Amino acid sequence: MANITMIQAINQALDLALSADDRVMVLGEDVGPNGGVFRATEGLYEKYGGQRVVDTPLAESAIIGSAVGLALGGMRPVAEIQFLGFIFEAMDQMSTQASRLRFRSYGRYHVPLVVRAPYGGGVRTPEIHSDSLEALFSHLPGLKVVTPSTPYDAKGLLLASISDPDPVLFLEPMRLYRAMRQEVPDSWYEVPLGSARVVRPGDDVSVIAYGPMVPVAEAAAETLLQSDISVEVIDVRTLNPLDLETLSASVAKTGRAVIVHEAQRTGGLGAEIAASLQERAFLSLEAPIMRVTGYDTPFPVPSVEDWWLPDADRVADAVNFVLHY
Amino acid sequence: MANITMIQAINQALDLALSADDRVMVLGEDVGPNGGVFRATEGLYEKYGGQRVVDTPLAESAIIGSAVGLALGGMRPVAEIQFLGFIFEAMDQMSTQASRLRFRSYGRYHVPLVVRAPYGGGVRTPEIHSDSLEALFSHLPGLKVVTPSTPYDAKGLLLASISDPDPVLFLEPMRLYRAMRQEVPDSWYEVPLGSARVVRPGDDVSVIAYGPMVPVAEAAAETLLQSDISVEVIDVRTLNPLDLETLSASVAKTGRAVIVHEAQRTGGLGAEIAASLQERAFLSLEAPIMRVTGYDTPFPVPSVEDWWLPDADRVADAVNFVLHY
Amino acid sequence: MDPLKAFPLIQVLDEDGRLIGDRSQVSDDQLRAFFRWLTILRTLDQRAWNLQRQGRIGTYPPFSGQEATQVGVAAALSPDDWLCGSYRDWAALVYRGVPLYFPLLNSMGHPAAGAFPDPVQALPVQVVIAAQILHAVGLAWAAKLQGEPRIAVALFGDGATSQGDFHEALNLASVMSAPAVFVCQNNQWAISVPLHRQMHSQTIAQRAIAYNIEGLRVDGNDIIAVYQTMKEVVERVRAGGGPVLVEAVTYRLGAHTTADDPTRYRAREEDERFRHGEPLARLRRYLLASQILSEDEMQAIEEEAKGLVEQAVTDAASYPPSPPESVFDHVYASIPPQLLSQQEELARRVREGRRGGQSHG
Amino acid sequence: MDPLKAFPLIQVLDEDGRLIGDRSQVSDDQLRAFFRWLTILRTLDQRAWNLQRQGRIGTYPPFSGQEATQVGVAAALSPDDWLCGSYRDWAALVYRGVPLYFPLLNSMGHPAAGAFPDPVQALPVQVVIAAQILHAVGLAWAAKLQGEPRIAVALFGDGATSQGDFHEALNLASVMSAPAVFVCQNNQWAISVPLHRQMHSQTIAQRAIAYNIEGLRVDGNDIIAVYQTMKEVVERVRAGGGPVLVEAVTYRLGAHTTADDPTRYRAREEDERFRHGEPLARLRRYLLASQILSEDEMQAIEEEAKGLVEQAVTDAASYPPSPPESVFDHVYASIPPQLLSQQEELARRVREGRRGGQSHG
Ligand SMILES: Cc1ncc(C[n+]2csc(CCOP(=O)(O)OP(=O)(O)O)c2C)c(N)n1
Ligand SMILES: Cc1ncc(C[n+]2csc(CCOP(=O)(O)OP(=O)(O)O)c2C)c(N)n1
Ligand SMILES: [Mg+2]
Ligand SMILES: [Mg+2]
């Protein structure tokens, strides 16, 4: 056990996977001697060499497309897209290739590929670097989409993703990389894909969040407690396939739900969660399911981003809204 | 007025636009002498020449990326992506470029670009040719997404899209290209973007559909009438921005809604519509809003597609479900 | 630099089937086998076209005219090598061991057409232009990392060279020195777009210079030239010489697919000109003239081909259909809960015979 | 073909600033003006670095070492020509007429930094590697269609040449014979990835062969060579000669951005070697030796530069902030209903001072 940050937990997971399985390799832009622009791959090039920790040319379609081939050829590639906003360049390889090869080959082939990408705002990046695009990928059958909100989950979910026989998009909330420390076991453990986590039990309202918005939801819950409002906070963790059991059980209990994400509201993952929950828990609902999200504009420049991003205050407003509906 | 098919209506719209405005040009794969693989651009090369009706190299990112430049440079490009499934190759140019230039330039520039693409199933294409990807694009701020379900709307919406100062993705339901004829004015007219259409008024339940699913919804409504169920059918027409006024007014009236689309259910546009409607019409709802959609698998091969696609029978089942909830 | 000189067209048989080069690497027996295969494949291709016209199969992309390239390439590979081709590459696949009825099954829209039987080392045919070139790079790279002598071959068209993926693949392969061979079937057309609108360069082979890899231009209608060239190339690549780009200059004799009408965009005369040098007639002339095969022997082969193709038609038609709900079986390794309930719904509808799709639409 | 010979490095000043070529196309006055600009820009770049270190601006990508290329290119253009550059190309933009405080405003994350004042004909700086190359092709193509003598120039890095968009752009420009100039600033690094891991080719210029367009290699640290070469190229392209690829061989003297630490991946020695030939020192030596400028005159210019840069710092700092809710103003030409209500919500929160984001997170 060590008290470490999320980026350290990710680094540990990669290190463990590389040492446990010769087939595992890491590829991407600047993942080699530079150790990744966020240091996720720090020390791995030195430890495992340039054959297994590979700086690729600056070409995302080539990264994902060749990783599909590597996976088919018996490797276990863990590819990095430097910032999620640049995955658009590899969109075909993600959408019609990696995620469909099992289907297209009628089960003959599969693509055990993990694509890691930092995402989300809060760290004042230049434009396109802070986009939250999880909704696009959650609409692609054949792909799993995962995002941790703690160091412990980051390591356990990443190892589970690497073990998974299917392609997994592993989204790393940039602003949580170094935001907190947590005791994390040194050895291999997995947090199963497809299961949400009740972060904090509560009775009055369910606040459903993931990735960078989990601490925001927790902060809102803490504040609301002072007004005697008991909030159940749930971390979705796997965005596709969704753990609708856990989510709807919570809403069945509380009768009210607020969904929080950074991504733009229209067509965001909150829509899917809300739509599914009102189907499953209609008779329990005391108020509409509300969404607290990024606004329907492109992610703004740094001077505006604090205003644009959902915060605890907006979450609290939404909770109060559904409580007094 | 002439009694024409949707593909003829599209062809007419392009012809009118090319003849009315020198800045309009058509570009894409096989749009020239071949007249497009569906004949949408038939005769235009002969009439307007190879400078204005341009066969491009086989490169979607180049088509959209250069069209962005053409639009910035004072042209009014109408680009064709041969099948929507191939737009993934141009995803970055769609997502971070065309749709964001107004934002990125703080209003100094804008991109009057129309991207046309056939989509959807029902015509037994090879794989990847039948994908319905509208949800992905409806999540991109700065882009408008439009899809007609009749020849009249096809022409009017396409002309409105060409007149629009912002980038518009114009989705053409392949299976409706020649499925019906309609009287269509010969001259220029526009169907405004951002407005849904009540196809058929009704009292008991709202069935909300768009593109290829509108006739399916109508067929279901016809069948249900025999059981004295009065269905209001709404054609969404503009998928982003949504005309939530019209949609929620209908649901406020009927108290029940079924949303129908071909795209996969998880993360589809139905989720956004359901989420928004339960926010706006919560107190009117007598039953959960249900979705009849494609299944959460890749679009299947031709021998399976009839089973996979939503049909009137499934729509009727959902209507009965919400009526007897 | 004159690309036509820097990348001279490698030919062994001229357009009339006269031997104008060295054919020391192919035996007479090999040539007889090639003739037999080309005949079977041409017969299959024409039969498939007719089946589509009769409404018995769906869209079909004919490969007639390109058999010499596809068979020549496939014949130069070891069973362990990877082949990553596209929708038109059934000739190569069938030669590799994919049953003759698979192309038909594929055009019937049967999902099993994506699962070639073991041990055929090939990816399902690719529809997204150029996407498979990157897969070949990854497969080749994996072989190199594993110390396996395996190589990977990508087959793609002239149109595919305009895609970003083509460029990214060749650059990556060059940087990684991956044992990959990139075979472009330059059949002069990408649907209706002729080569000179696809690119402003004289050859495709010259693109190799951009990546500092070897580039070659071979007469793709000359199976001896293709096979011998590929044999050499494959050996060099297997030995670690780095990737190679091969431009096989050929011609699409027919339509792009059964949905296409080439009279809309290409002149009959051009057709005639190219038709003359087409691979089967060319080989036939040479084999007759050199008395490697007689007319009678050829006729026997043609008869055999017809029989094999008829059997393939029967095999395809009698191939057991897949239950519609099996689409859920191959999305993920194990079916997540939401998909499971969707699968149950579909299975129930199938059981109840509530037919979906168009018919109700 | 030996690319180093086929694409010889065009140089007028050697690394020590000695005249080794023809400089007949630049007057002494022009050179004085170049020196003044290079001095102002270098001063600005270093000041920006320090401002970031003081926490007064955000991420900043220094262009030091690349001023000769950027200014040489910009100086060869007409005001009507389009410039499509990336995040590091502020030297070119400022030379073109973008106010000196814009790069600072941009790194402060001010939304107005994307709106260059008229009549500067340039796109906002591009962050997505290689995306702007396609815009340049479209802009050039539009000019051609309109019969305007305008051309378009794309500036991009060595890393950008690996992207599919680079390939698609050059191919399309070649097919359309679009009046575009593609200027690659080969600064040897793409963040931490050195050129030899980016590509296995000796030059970037040789990629022109793939598209059958002209390719040139110029010493990007030699402003005379860049300017004269570009003048000629621009004239040919404007006259309809088709697109040209220019490789400007230069060096990124500093870090990739203020967020980068180059000591993690590049050796100090290499740095020293390249530092010697850097553009400002080189020009300075030549101007001194040829007595075009004296030490005193240079010092006066340096003083002036400091003043201008200080003014820019003040201008940036005092630039009025945009109200947060203005983000909604430039998404569409007119604000759709849903966005309008979101805008109202945000405006209300701003009015009530309910500060969002991290602070509450
Ligand atoms: C990415 C993508 N864009 C467009 C298409 C539609 N399309 C199918 S085949 C084809 C032409 C391909 O030409 P070429 O690469 O020369 O191969 P050929 O058909 O001649 O064998 C096009 C445009 C596609 N399948 N994929
Ligand atoms: C499509 C895309 N992928 C990755 C990045 C992250 N990134 C920013 S700059 C850079 C390196 C660019 O190198 P080069 O093209 O040589 O330009 P330079 O920075 O040297 O000017 C990378 C990988 C990006 N901005 N866009
Ligand atoms: Mg072709
Ligand atoms: Mg660089």
Side-chain angles (χ1 to χ4, degrees), chain B residues 29-37 42 50 54-62 82-83 85-86 88-89 121-129 175 179 212-213 215-216 219-220 223 265-266 293 295-317, chain C residues 58-59 61 87 106-111 113-114 124-125 127-131 157-165 190-194 197-199 256-257 259-261 264-266 321-322 324-328 330-331 336 338-339 342-343 345-346 349-350 354-361:
Chain B
E29 295 156 9
D30 306 290
V31 299
N34 196 39
V37 293
E42 173 135 47
V54 188
D55 275 340
T56 63
L58 209 174
E60 287 78 11
S61 188
Q82 199 162 77
F83 293 87
F86 306 132
F88 286 126
E89 309 286 359
V123 297
R124 312 240 187 288
T125 62
E127 52 166 359
I128 326 277
H129 288 72
R175 69 155 119 170
M213 287 294 112
V216 171
T223 312
R265 173 190 177 88
T266 299
T293 69
Y295 296 112
D296 282 328
T297 76
F299 192 96
V301 290
S303 70
V304 183
E305 78 179 86
D306 279 354
W307 281 109
W308 191 90
L309 288 166
D311 60 5
D313 195 48
R314 279 180 66 199
V315 174
D317 276 3
Chain C
T59 310
Y87 48 89
N106 186 64
S107 284
M108 288 161 59
H110 197 297
V125 294
V127 157
V128 179
I129 301 296
D158 43 305
T161 64
S162 296
Q163 286 283 6
D165 277 0
I191 309 187
S192 73
V193 179
R197 300 261 336 155
Q198 195 66 245
M199 60 177 62
H256 171 68
T257 66
D260 176 52
D261 172 10
R264 294 179 66 90
Y265 54 79
R266 73 183 185 186
S322 297
E325 66 272 23
S326 74
V327 286
F328 288 93
H330 305 302
V331 182
Q338 281 89 290
L339 272 73
Q342 292 182 16
Q343 184 177 38
E345 184 206 299
L346 176 54
R349 300 184 71 80
V350 172
R354 293 169 68 182
R355 187 65 195 276
Q358 277 180 308
S359 34
H360 286 71

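Here the structure is a predicted model, which is why all the values come from computation and not from measurement. Computed from heavy atoms alone, side chains included, the values below leave out hydrogens, waters and symmetry copies. Proteins come first, then strands; the chains are lettered A, B, ... in the order of their sequence lines, and each starts at number 1.
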Chemist: Could you give me the CA-CA distance, side-chain angles and deciding distance for B:D296 and C:Q338, then say whether side chain to side chain donor-acceptor pair (under 3.5 Å) is met?
Modeler: CA-CA 8 Å; B:D296 282 328; C:Q338 281 89 290; over 6 Å; no
Chemist: Looking at B:E127, B:E29, B:E89, B:R314, which one has more heavy-atom pairs under 4.5 Å with chain C than the rest?
Modeler: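 Option with the top pair count is B:R314.
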Chemist: Can you tell me how far apart CG (C:L346) and OH (B:Y295) are? Round to the nearest 0.5 Å.
Modeler: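 If we round to the nearest 0.5 Å, C:L346:CG and B:Y295:OH are 4.5 Å apart.
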Chemist: Let's test your reading of the structure: which of C:E345, C:H256, C:Q198, C:Q342 forms the most heavy-atom pairs below 4.5 Å with chain B?
Modeler: C:Q342
Chemist: Quick one: closest heavy-atom pair of C:A190 and B:L58, and the distance?
Modeler: CB-CD1, 4.3 Å
Chemist: Measuring only between side-chain heavy atoms, which start at C-beta, is C:V327 closer than 4.5 Å to B:F299?
Modeler: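 C:V327 does not reach B:F299 side chain to side chain.
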Chemist: Salt bridge check: are C:R197 and B:D55 linked by an N-O gap of less than 4.0 Å?
Modeler: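 Here C:R197 does not pair with B:D55 in a salt bridge, since their nearest N and O are not under 4.0 Å apart.
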Chemist: Looking only at heavy atoms and a cut-off of under 4.5 Å, which of C:R266, C:Q163, C:M199 has the most pairs with chain B?
Modeler: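 Ranked by heavy-atom pairs under 4.5 Å with chain B, first place is C:Q163.
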Chemist: Identify the two heavy atoms, one from C:V127 and one from B:H129, that lie closest to each other, and give their separation to 0.1 Å.
Modeler: CG1-CE1, 3.4 Å
Chemist: Could you tell me which of B:P57, B:P298, B:A59 has the largest number of non-hydrogen atom pairs under 4.5 Å with chain C?
Modeler: B:P57
Chemist: Given a strict heavy-atom distance threshold of 4.5 Å, which part of C:D165 is in contact with chain B: side chain, backbone, both, or neither?
Modeler: side chain
Chemist: Taking B:S303, B:P33, B:P212 one by one, which has the highest count of heavy-atom pairs under 4.5 Å against chain C?
Modeler: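 Most heavy-atom pairs under 4.5 Å with chain C: B:S303.
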Chemist: Can you tell which part of B:F86 gets under 4.5 Å to a heavy atom of chain C, answering side chain, backbone, both or neither?
Modeler: side chain
Chemist: Select one option (side chain, backbone, both, neither) describing which atoms of C:L339 are under 4.5 Å from chain B's heavy atoms.
Modeler: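 Only the side chain of C:L339 comes within 4.5 Å of chain B.
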Chemist: Side chain, backbone, both or neither: which part of B:V37 has a non-hydrogen atom closer than 4.5 Å to chain C?
Modeler: side chain
Chemist: What's the spacing between C:Q343 CD and B:T297 OG1 if we round to 0.5 Å?
Modeler: 10.0 Å
